[in-house]
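The sequence lines fix the lettering, A, B, ..., with proteins before strands; numbering per chain opens at 1. As the structure is a prediction and not an experimental result, all values here were calculated from the model. Quick note: numbers below take in every heavy atom, side chains included, and nothing from hydrogens, waters or symmetry partners.
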Amino acid sequence: MNTRAPFMQRLAALTLLTTCLPLSSAYAHCIVGNRFFPATLNIDDPCVADELSFPTISSFSTGDQPAARQLDISGEFSKRITDDFGISVGSTWSRISEPGAPVAYGFQNLETAFQYQVVKNAEHEFAMMASLNIEWGGSGAQSVGADRFTTYAPTINFGKGFGDLPDSAGWLRAFAVTGSIGYAIPGSSSTTSVDPDSGDITVTQNPRLLQWGGSLQYSMPYLKSAVIDLGLPDVVNKLIPIVEAQFVTPVSNTADSGTKTTGTINPGIIYVGKTYQVGVEAIVPINRDSGGNVGVIGQLHLYLDDMFPNSIGRPIFATGTNTTRTSQ
Amino acid sequence: MIGRIALSALFLAAGIAAASAHAMLDHASPAVGSTVASAPSRLTLTFTQPIEGAFSGATVHNASGQRVDTGARVGPGKTEMQVSLKPIPPGSYKVNWHVLSVDTHKTQGSFNFTVGGR
């Protein structure tokens with residue numbers, strides 16, 4: 001007997017959201033020509049790098065009816081193997097408070113990413129990275145929505161600074177955009193579960209997901225060092241106001257999930273120090289299925305290549321000088 | 001517990017912040033994007049970190065692409081680069097710099113300045 005219980009639908013909704021959020025915990029930073037792309041909090045940015053994001057803390061409400069409150073604490077370590085190839089490992093601990101239900105907590109599935117730097121073009125401040133993100137099924141707690149199946153997500157990330165606009169564009173040249181588009185393929189097309197009380201069998205279709213998003217950022221460091229030095233206070237010259245957006249659209253095998261797009265738009269700000277950055281953003285759901293109200297996310301991000309340039313901060317098989325933030 | 005770990009990570013970052021990092025342009029004279037009344041005889045670039053003089057340099061070109069500098073050298077403090085200029089008429093000038101920081105990171109950049117208020 002196949003039933004599709006509301007619980008499984010809620011779990012599927014949670015899974016959609018947590019599938020989206022862990023992807024967002026893959027971070028990178030880079031310099032391409034004049035342009036420094038900071039590590040963004042919700043989508044990946046376009047460079048392979050040696051870095052550590054810890055902690056990333058977010059608090060938001062889920063798209064369930066009624067909404068559950070979710071607290072995520074995550075970390076991710078990224079390591080270059082060669083100048084252009086790197087891997088990353090990340091994990092997220094979640095605490096979910098659903099009205100009328102016991103609090104659930106535990107780790108989400110372990111995530112890894114294999115990343116390759118496809119392009120870095122200094123003149124046009126353009127970078128592109130290809131990656132294969134893998135969420136390892138069964139490595140997390142089902143109580144917080146961790147899937148029992150592995151998901152593979154080939155993904156392209158790109159970034160483009162507008163510094164190559166004519167000089168007459170002036171302050172507009174400090175703008176940059178980044179983007180990310182991935183296709184998440186579940187290792188299993190459906191998940192079967194048995195209710196321990198009733199014995200009912202539930203089969204849930206696991207959709208294939210288009211994961212997409214981007215950011216619009218205005219770099220005060222760029223404005224000062226490449227456009228015009230306004231003599232502003234040092235702290236202002238290290239800020240990057242940013243708006244990130246991330247979306248998930250089920251595109252096939254959608255019998256249970258439907259095809260509605262969920263996601264969030266995240267306005268915030270990043271402070272860039274010499275060896276670290278700190279960022280904080282609001283999490284604004286785009287519709288009710290994406291969340292009940294506004295949440296918040298904050299992150300401390302460490303540039304290991306700057307902190308430990310001669311040890312863990314450089315590629316294992318480096319071809320020359322440390323080039324992570326070099327423009328060529 | 002998690003809070004303590006986060007705090008430790010923050011202190012670790014703050015503590016190492018002064019140790020090393022990529023060398024970025026902190027400021028320049030004439031200033032980035034500025035207009036100066038009279039032509040300078042030299043340009044000074046100040047970086048956020050010490051740099052290696054042997055692997056660092058800068059060039060200055062006028063609006064028609066002709067080079068107007070006569071060479072660059074890094075000062076004893078290793079954070080300043082002096083670029084000597086030929087006598088230059090009013091106009092717009094583009095500076096291209098590249099440096100290797102003492103911890104072996106390469107960076108580069110460019111900016112404009114204007115002489116004579118054109």
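B:H105 places a side-chain N or O within 3.5 Å of a backbone atom of A:D305 that can act as its donor or acceptor partner. In this structure, A:D306 contributes its side chain and B:H22 its backbone to a donor-acceptor pair below 3.5 Å. No donor-acceptor pair closer than 3.5 Å links the side chain of A:D229 to the backbone N or O of B:V32.
Contacts between B:S34 and chain A at a heavy-atom distance below 4.5 Å are absent for every atom of the residue.
Within 6.0 Å of atom CZ in A:R95, 12 or fewer heavy atoms from other residues, nucleotides or ligands are found, so the atom counts as exposed in its surroundings.
Highest contact tally toward chain A, considering only B:A31, B:S110, B:G109, is held by B:S110 [criterion: heavy-atom pairs under 4.5 Å].
The line from CE of B:M24 to NZ of A:K224 is 11.0 Å long, rounded to the nearest 0.5 Å. One distance of note links CD1 of A:I31 with NZ of B:K106; it measures 13.0 Å at 0.5 Å rounding.
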Intermediate values then yes/no, side-chain contact (heavy atoms from CB on, under 4.5 Å), A:D167 and B:K94: CA-CA 11 Å; A:D167 291 341; B:K94 182 161 192 171; 5.7 Å; no
